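So the structure is just underneath, and the comments pick up after that.
These numbers were taken from a predicted model, which means no experiment stands behind them. Counting starts at 1 for both ligands and their atoms, in listed order.
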Amino acid sequence: MSQIDQVHSISPAVAGSRIFKVVALLYGIAAYLVFFVTILYAIGFLMGLVVPKTIDTGTATPPVEAVIVNLLLMSLFAIQHSVMARQSFKAWWTQFVPKPVERSTYVLLASLSLLLLFWQWRPMPAVIWEVQDPDLAVMLVTLSFAGWVLVFTSTYMINHFELFGLHQVTNHLIGKEAAPARFKTPLLYNFVRHPIYLGFIIAFWAAPVMTAGHLQFAAVTTLYIFVGIALEERDLIALFGDDYRQYKQRVSMLIPWRRSV
Ligand SMILES: C[S@@+](CC[C@H](N)C(=O)[O-])C[C@H]1O[C@@H](n2cnc3c(N)ncnc32)[C@H](O)[C@@H]1O
């Protein structure tokens with residue numbers, strides 16, 4: 001073999017690993033884009049804006065059937081989202097799913113189960129409340145938008161790109177080891193421990209017109225958020241120990257300036 005051949009020859013194993021890194025990156029980007037479209041659709045779905053099917057439109061079904069189908073759709077999302085986020089589940093399924101794309105796969109499946117929910121959601125148009133005062137109605141719409149802004153800004157504070165899997169696939173591409181999880185309390189995390197979840201609650205409830213279908217969505221997801229917080233905090237204490245315990249004493253769960261609840 002000439003010197004030039006020696007310099008340029010790449011073993012099949014190295015070439016295979018490079019191809020895998022690029023495929024993993026493309027997969028991570030695709031999963032992120034699906035997530036991004038899903039979250040934008042979620043805003044339109046709940047606020048009744050732009051999208052073809054909203055929480056209050058679709059084929060009318062008897063209320064009992066609607067309640068059951070909607071509960072099943074929300075349960076599917078909740079089970080997927082909570083079970084797959086646990087450390088024990090991650091340890092098990094990374095035997096089959098390569099570690100660098102584990103988070104992207106989680107994000108992709110969460111997005112797909114949400115898209116299924118939007119598609120199959122059964123509307124229940126009975127009006128529970130309707131704000132007549134136009135100023136108050138505008139205030140509620142603005143508050144709902146503010147909730148979504150809180151969700152987005154908080155993801156950037158905690159680490160948006162890691163949360164949605166892009167960090168992991170780009171690190172893998174450049175051969176950088178994944179850094180261990182770090183306990184953080186940036187900006188809003190000094191006022192509440194769960195600003196992302198607080199943003200969702202505000203976005204879901206601040207509605208000038210609340211139908212029975214929307215109410216079912218807001219009530220069940222709020223309940224699920226509390227269960228999610230309990231599971232997440234158990235993991236965070238296991239991970240960060242006293243740092244997180246002291247944080248819990250110091251900073252309230254969801255209501256700013258209200259201690260430890
Ligand atoms: C979807 S984020 C929600 C974060 C937070 N519960 C909120 O509502 O803003 C979930 C991820 O954030 C991580 N996380 C939550 N609080 C954290 C903190 N103070 N420091 C580091 N990671 C945190 C959890 O371990 C989990 O992987």
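Contact annotation for Glu232 and ligand 1: only side-chain heavy atoms (C-beta onward) come within less than 4.0 Å of the ligand. When heavy-atom distances to ligand 1 are checked against a 4.0 Å cut-off, Leu239 has no atom that comes that close, whether in backbone or side chain. For Ser154, no heavy-atom contact with ligand 1 is shorter than 4.0 Å.
Ligand 1 has no N or O atom lying under 3.5 Å from any N or O atom of Arg103, backbone or side chain. At under 3.5 Å, a nitrogen or oxygen of Tyr197, whether backbone or side chain, sits near a nitrogen or oxygen of ligand 1. In terms of polar-atom proximity, Ile196 is counted as a contact of ligand 1, with an N or O under 3.5 Å from an N or O of the ligand. Taking only nitrogen or oxygen atoms, main chain and side chain alike, Tyr189 reaches within less than 3.5 Å of ligand 1.
Ring-centre distance between Tyr189 and His194: not below the 6.0 Å cut-off. Centroid-to-centroid, the aromatic rings of Phe20 and His172 come within less than 6.0 Å.
Within 6.0 Å of the CH2 atom in Trp93, the count of heavy atoms belonging to other residues, nucleotides or ligands exceeds 12. More than 12 heavy atoms of other residues, nucleotides or ligands lie within 6.0 Å of CD in Glu65, so this atom counts as buried by the packing criterion. Atom NZ of Lys184 has more than 12 heavy atoms from other residues, nucleotides or ligands within 6.0 Å.
For ligand 1 and Leu163, the ligand atoms under 4.0 Å from any heavy atom of the residue are 2 (S), 11 (C). Near Arg182, meaning under 4.0 Å from any of its heavy atoms, are these atoms of ligand 1: 20 (N), 21 (C).
For atom 20 (N) of ligand 1, a protein heavy-atom neighbour is present inside the 4.0 Å cut-off.
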>> Under the criterion side-chain contact (heavy atoms from CB on, under 4.5 Å), I'd like the reasoning laid out for Ile128 against Thr211: C-alpha separation, chi angles, the key distance, then a yes or no.
In response: CA-CA 5 Å; Ile128 307 295; Thr211 59; 5.8 Å; no

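Expressed to the nearest 0.5 Å, how far CE of Met47 lies from CZ of Phe145 amounts to 4.0 Å.
Of the charged side-chain nitrogens involved, at least one lies within less than 4.0 Å of a carboxylate oxygen, so that Glu233 and Arg193 count as a salt-bridged pair.
Between the Thr222 side chain and the Ala218 main chain, a donor and an acceptor come within less than 3.5 Å of each other.
Annotation: atom 16 (N) of ligand 1 to nearest protein heavy atom, Leu236 CD1, 3.8 Å. In this structure, the protein non-hydrogen atom closest to atom 22 (N) of ligand 1 is Ile158 CD1, 4.0 Å.
For atom 18 (C) of ligand 1, the candidate residues are Met253, Glu162, Arg193, Lys184; the nearest heavy-atom contact is made by Lys184.
In this structure, Thr185 falls outside the shell of residues with a heavy atom less than 4.0 angstrom from ligand 1.
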